[in-house]
Protein chains: 2
Amino acid sequence: MRYGHPWVCRRMMAEGMRITQTRMVVLDILARNPKRHLSAEEVFLMAHEINPSIGFATVYRTLDLLTRMGIIQKLEFGDGRARYELTEASKKVPHHHHLVCTECGKVIDYTDFTDEEKELLTKVERELSEKYNFKIKNHIIQFCGICNHCNERR
Amino acid sequence: MRYGHPWVCRRMMAEGMRITQTRMVVLDILARNPKRHLSAEEVFLMAHEINPSIGFATVYRTLDLLTRMGIIQKLEFGDGRARYELTEASKKVPHHHHLVCTECGKVIDYTDFTDEEKELLTKVERELSEKYNFKIKNHIIQFCGICNHCNERR
DNA sequence: ACGATAATGATAATTATTCTCAATAAAGAG
DNA sequence: CTCTTTATTGAGAATAATTATCATTATCGT
């Protein structure tokens, strides 16, 4: 059977993993929704539309697998459910970070200041990596506060 | 009754909140353990040592309250339980960020590169604040990877 | 000291995530 | 293409963190 995402498939094969329909469906969903921060449940619902036989547990397992492979990233915005999106390293999503409203949970992606940020981050990453002997795979940057909407109704 | 943490007490009173023993005990525990990233359960156990009548639910409520007040910060390192520590803004803890091992969950605090980082962060914070009309209270920066220990046993 | 009521403790309820295990399907061998 | 091995899956049960409920308690202005 043929699927897309050749770079992921190559890595899976190289590591002796099987390329299954569920894995490709989950990856596809995340790749097609780069703007949203999908929760496991949302991914499950979308996967279920494509193939109703896909189970919840497998979606979790696949999200976990892709996270450990560094293809997607698990994000936690403090509302009790994890969110997932492709990593920058997967070359499918541009450098960006998140602005989180701690009141309503709204999340804004911002892509400003990325050149300066990127430069500093690369430097910090390299040096921390050496100093602490840590193989750094990616990073999470969130600014937390109150959005204009929540600010107004007070 | 007299407690420490006058700056917190002042703010609580100003906002019509009551200054209770449980709140002060929880705050004290976090203030006395700036190096650790305590989970709600750990805080509960320590609080329970001090006063066995303190309940789990109240610890959660207090952690949530202090978080909303910006005195402590809720951190999620991906192991399914939230951690709490004083914010930089509370002036009790120095500027630092976290290095998280996605394999074993180990967390290293690092305080390197803080001058450059701080400068950039302040700038980014100010400009994002204007652009998105967001009242930014704090930020979370985590570098995720594999620690040397986990790297060796492969 | 008193009274209004915010806060609490105990416990039940909820909810996201993980585990279990028999059934299924991917991939290499023939 | 068929067979075999075994990694992966689906369904549902189990787990664990967090939140809600509600009668009781303790704070604080008077």
Side-chain angles (χ1 to χ4, degrees), chain A residues 1-3 5 8-27 37-45 47-69 72 74-84 102 105, chain B residues 1-3 5 8-27 37-45 47-69 72 74-84 102 105:
Chain A
M1 191 146 182
R2 282 216 63 64
Y3 295 110
H5 311 292
V8 177
C9 293
R10 240 176 281 128
R11 281 201 47 202
M12 285 185 167
M13 292 189 71
E15 296 180 37
M17 298 168 177
R18 292 182 180 174
I19 295 158
T20 67
Q21 206 203 103
T22 306
R23 285 175 180 173
M24 291 302 113
V25 166
V26 167
L27 180 55
H37 314 97
L38 300 174
S39 65
E41 189 184 12
E42 289 170 319
V43 173
F44 166 71
L45 290 173
H48 196 261
E49 293 255 313
I50 294 166
N51 178 349
S53 79
I54 291 175
F56 219 137
T58 304
V59 169
Y60 268 106
R61 281 186 287 238
T62 304
L63 290 171
D64 192 52
L65 179 77
L66 294 173
T67 300
R68 279 183 285 110
M69 288 178 75
I72 66 175
K74 183 178 182 177
L75 299 167
E76 307 194 76
F77 297 134
D79 67 344
R81 53 175 54 185
R83 313 276 167 165
Y84 300 85
T102 52
Chain B
M1 189 146 182
R2 283 218 61 67
Y3 296 108
H5 312 291
V8 177
C9 293
R10 241 176 279 128
R11 281 200 47 201
M12 284 185 168
M13 293 187 71
E15 296 180 36
M17 298 167 177
R18 292 182 181 174
I19 295 158
T20 67
Q21 207 204 100
T22 306
R23 285 175 181 175
M24 291 302 114
V25 167
V26 168
L27 180 54
H37 316 96
L38 300 173
S39 65
E41 188 184 13
E42 289 170 320
V43 173
F44 166 72
L45 291 173
H48 195 262
E49 292 255 312
I50 294 166
N51 179 348
S53 79
I54 292 175
F56 219 137
T58 305
V59 169
Y60 269 108
R61 279 186 289 239
T62 304
L63 290 171
D64 191 52
L65 180 76
L66 294 173
T67 300
R68 276 184 286 109
M69 288 177 75
I72 65 175
K74 183 179 183 179
L75 299 168
E76 307 193 76
F77 297 133
D79 66 345
R81 52 176 52 187
R83 314 275 167 165
Y84 300 85
T102 52

> Please walk me through it: do A/M12 and A/M24 pass side-chain contact (heavy atoms from CB on, under 4.5 Å)?
Replying inline: CA-CA 11 Å; A/M12 285 185 167; A/M24 291 302 113; 4.0 Å; yes

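- The separation between A/M17 atom CE and C/dG28 atom C1' is 18 Å, rounded to whole Å.
- Among the atoms of the strands shown, only primed sugar atoms or phosphate atoms (P, OP1, OP2) are found under 4.0 Å from some heavy atom of B/S53.
- The structure places CZ of A/R23 at 5.0 Å from CG of A/L65, a figure rounded to the nearest 0.5 Å.
- Between the CG atom of A/D79 and the C1' atom of C/dT17 there is a distance of 14 Å, rounded to whole Å.
- Rounded to whole Å, atom P of D/dG10 lies 13 Å from atom CD1 of A/I50.
- Atoms CZ (B/R68) and P (C/dA7) sit 10 Å apart, rounded to a whole Å.
- On a pure distance criterion of 3.5 Å, a polar donor-acceptor pair joins the side chain of B/R18 and the base of C/dA6.
- For the atom pair CG (A/L66) and CG (A/L27), the distance works out to 6.0 Å, reported to the nearest 0.5 Å.
- Of the candidates B/V59, B/T58, B/D64, B/T58 is the only one forming a side chain to side chain contact (heavy atoms under 4.5 Å, CB included) with B/T62.
- Note: B/E41 CD to B/F56 CZ = 5.0 Å, rounded to the nearest 0.5 Å.
- A/T22 comes within 4.0 angstrom of sugar-phosphate atoms only, judged by non-hydrogen atoms across all strands, and of no base.
- Residues from residues 57-67 of chain B that place a heavy atom under 4.0 Å from any atom of DNA chain C, listed by number: B/A57, B/T58, B/R61.
- Across the helix from C/dA1-D/dT30 to C/dG30-D/dC1, the helix axis at one end is tilted relative to the axis at the other end by 50° (nearest 10 degrees, each axis from five pairs).
- Between A/F77 atom CZ and C/dA16 atom P there is a gap of 16 Å when expressed in whole angstrom units.
- The nearest pair of heavy atoms linking B/K74 to B/A82 is CE-CB, 3.6 Å.
- Atoms OG1 and CZ, on A/T102 and B/R68 in that order, are 9.5 Å from each other to the nearest 0.5 Å.
- Computed from coordinates, the A/M12 CE to D/dA7 P distance equals 16 Å when rounded to whole Å.
- Residue-to-nucleotide proximity on DNA chain C shows that, of A/T20 and A/R81, the 5′-proximal contact is made by A/R81.
- At D/dT8, one or more side-chain N or O atoms of A/R23 fall inside 4.0 Å of OP1 or OP2 (strictly under the cut-off).
- Atom NE2 in B/H48 sits about 14 Å away from atom C1' in C/dT8, given to the nearest Å.
- We find that CZ of A/F44 is positioned 8 Å from P of D/dA11, with the value rounded to whole Å.
- Between atom NE2 of residue B/H37 and atom CZ of residue B/R81 there is a gap of 14.5 Å, rounded to the nearest 0.5 Å.
- Here the CD1-CG distance, from B/I54 to B/L45, works out to 12.0 Å after rounding to the nearest 0.5 Å.
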